[in-house]
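By convention in this document, chain letters (A, B, ...) are assigned in the order of the sequence lines, proteins followed by strands, and residues within each chain are numbered from 1.
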Number of protein chains: 2
Amino acid sequence: MTPLLRIGEASARAGVNIQTLRYYERRGLIKAPERGSSGYREYTPETVQLVKLIKRAQKFGLSLNEIKHLLDFCENSKVNCNGLHDVIASKIADTKEQLAVLNEIEKSLKLLLDSCSTKGPLDRCPIMRSLND
Amino acid sequence: MTPLLRIGEASARAGVNIQTLRYYERRGLIKAPERGSSGYREYTPETVQLVKLIKRAQKFGLSLNEIKHLLDFCENSKVNCNGLHDVIASKIADTKEQLAVLNEIEKSLKLLLDSCSTKGPLDRCPIMRSLND
DNA sequence: ATTGACCATGTACCATGCCATAGGGTCAAC
DNA sequence: GTTGACCCTATGGCATGGTACATGGTCAAT
């Protein structure tokens, strides 16, 4: 007697596009739902919840592949959540690296910008000269 | 009497793949070079230099489109380098925004990780619970 | 019995920055 | 005259995270 949802309703409740649900199914992020006699997919509310979880995880900067790893850990290892830790921890490391790179870039860009006091002739603009060194 | 370079030599000197030169040509980043009687492209050393500049600009986090804007300014505005400033300044703004987002993400990930002391049962792991809230 | 809303599959497309491959031409050396 | 290295164009592929479209089936209401 659980209220099964067709794809339109399910995607609306999860706040995603219809194609997104089919895409997640292809990517293995959600299991292929049962089909009714019509051949229509019939989603459980749990799947809607799962899709919301996926969307939330994306906001944490996790890629769909990383999220899949996460979910696979939940599937397979009933025992503990070490796998989850590893995924998150390695994502933190990634993020730190990206931050370092971006900080470097910002610093360099600022130097580039400051090197040139506007309105000079282009061919002697230090910005182009720096890029060309 | 300038030593013209065919694409293999030019790409080697610039440190990029042959296809990359053709790709940059299609994207309008470098001008289509003259063709010899054989129909082969004949690059000047200046083009090689330009490609190196493009590669350096990429390391500053600039996209090919942004680099094209930059180069177009150099082409068109013989007068001053305000355009260059604008490109760089807006890139700095972008970078700051990305930094802010990444910092947020890192903070959240750390909270997520710290919320769970390893080796507990999976179904009560706060990581999954947080994602599922 | 037909309309309209919904669903199905398969395919192609968006941006990004290339790389690879197929099928052919050019050219110098042997 | 043939080999091999090089070049040409055009097309398709990679990863990422989807969206859109063409073509057709299902189903309830009118």
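- A straight line from CG of B:Asn65 to P of C:dC18 spans 12 Å, rounded to a whole angstrom.
- With sequence neighbours excluded, the residues that form a side-chain contact (heavy atoms from CB on, under 4.5 Å) with B:Asn65 are B:Arg27, B:Ser63.
- Listed by chain and number, the residues in a side-chain contact (heavy atoms from CB on, under 4.5 Å) with A:Arg13 are A:Leu5, A:Glu9, A:Val48 (sequence neighbours excluded).
- The distance from atom CD1 of A:Ile54 to atom OG1 of A:Thr20, rounded to the nearest 0.5 Å, is 10.5 Å.
- One atom, NZ of A:Lys68, and another, C1' of D:dT16, lie 16 Å apart when rounded to the nearest Å.
- Of the two residues near DNA chain C, A:Glu9 and B:Leu64, the one whose nearest nucleotide lies more 5' is A:Glu9.
- In this structure, the CD atom of B:Glu42 is 11 Å from the P atom of D:dC7, given to the nearest Å.
- In the set D:dC8, C:dG17, D:dG17, D:dG17 carries the atom at the smallest distance from any side-chain atom of A:Arg27.
- Checked against side-chain contact (heavy atoms from CB on, under 4.5 Å), B:Lys59 has no partners two or more places apart in sequence or in another chain.
- Note on the helix from C:dA1-D:dT30 to C:dC30-D:dG1: angle between the axes of the first and last five pairs equals 50°, rounded to 10 degrees.
- For the segment residues 15-26 of chain A, residues with any heavy atom less than 4.0 angstrom from an atom of DNA chain C are, sorted by number, A:Ile18, A:Arg22.
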Protein and nucleotides 28-30 of chain D: nitrogen or oxygen contacts under 3.5 angstrom:
none

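- Listed for the A:Ser11 side chain is a donor-acceptor partner under 3.5 Å among the backbone atoms of A:Ile7.
- Of all the residues in residues 86-94 of chain A, not one reaches under 4.0 Å from DNA chain C with any non-hydrogen atom.
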Under 3.5 Å, side-chain donor or acceptor atoms of residues 94-104 of chain B against the rest of the protein: list the pairs with distances, not counting sequence neighbours.
from, atom 1, to, atom 2, distance (Å)
B:Thr95, OG1, B:Lys91, O, 2.7
B:Asn103, ND2, B:Leu99, O, 3.2
B:Glu104, OE2, B:Lys107, NZ, 3.2

Using a cut-off of 4.0 Å between protein heavy atoms and nucleotide atoms, how would you tag nucleotides 25-30 of chain C 5' to 3' with B, S and -?
BBS---
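- Rounding to the nearest 0.5 angstrom, the gap separating the CG atom in A:Leu29 from the CG atom in A:Leu21 is 11.0 Å.
- Under the salt bridge (Lys or Arg N to Asp or Glu O under 4.0 Å) criterion, A:Arg41 pairs with A:Glu25, sequence neighbours left out.
- Rounded to the nearest 0.5 angstrom, B:Leu71 CG and B:Leu64 CG are separated by 10.0 Å.
- A salt bridge links A:Asp72 to A:Lys68: one of the charged nitrogens lies within less than 4.0 Å of a carboxylate oxygen.
- The phosphate of D:dG18 has OP1 or OP2 within less than 4.0 Å of a side-chain N or O from A:Lys55.
- The distance from atom CD1 of B:Ile30 to atom C1' of C:dC18 is 14 Å, rounded to the nearest whole Å.
- Between the CG atom of A:Leu112 and the CD1 atom of B:Ile88 there is a distance of 5.0 Å, given to the nearest 0.5 Å.
- Between A:Arg41 and B:Ile54, the residue anchored nearer the 5' end of DNA chain C, judged by the nucleotide with its closest heavy atom, is A:Arg41.
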Taking distance alone, no hydrogens or angles, what donor-acceptor pairs closer than 3.5 Å link side-chain atoms of residues 31-40 of chain B to residues at least two apart or in another chain?
from, atom 1, to, atom 2, distance (Å)
B:Arg35, NH1, B:Gly39, O, 2.9
B:Ser38, OG, B:Tyr40, N, 3.3

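- One can place CG of B:Leu29 at 12 Å from C1' of C:dC18, the figure rounded to the nearest angstrom.
- In the hydrophobic cluster analysis, where Ile, Leu, Val, Met, Phe, Trp and Tyr join through side-chain heavy atoms closer than 4.5 angstrom, B:Leu111 is grouped apart from A:Leu53.
- In this structure, CD1 on A:Ile67 lies 8.5 Å from NZ on A:Lys55, to the nearest 0.5 angstrom.
- Distance A:Tyr43 OH to C:dC6 C1': 14 Å, rounded to the nearest Å.
- Put simply, B:Arg35 has a side-chain N or O that comes within less than 4.0 Å of OP1 or OP2 on D:dT9.
- Residues satisfying the side-chain contact (heavy atoms from CB on, under 4.5 Å) test with B:Ser108, not counting sequence neighbours, are A:Phe60.
- How far CZ of A:Phe73 is from CG of A:Asp86: 6.0 Å, rounded to the nearest 0.5 Å.
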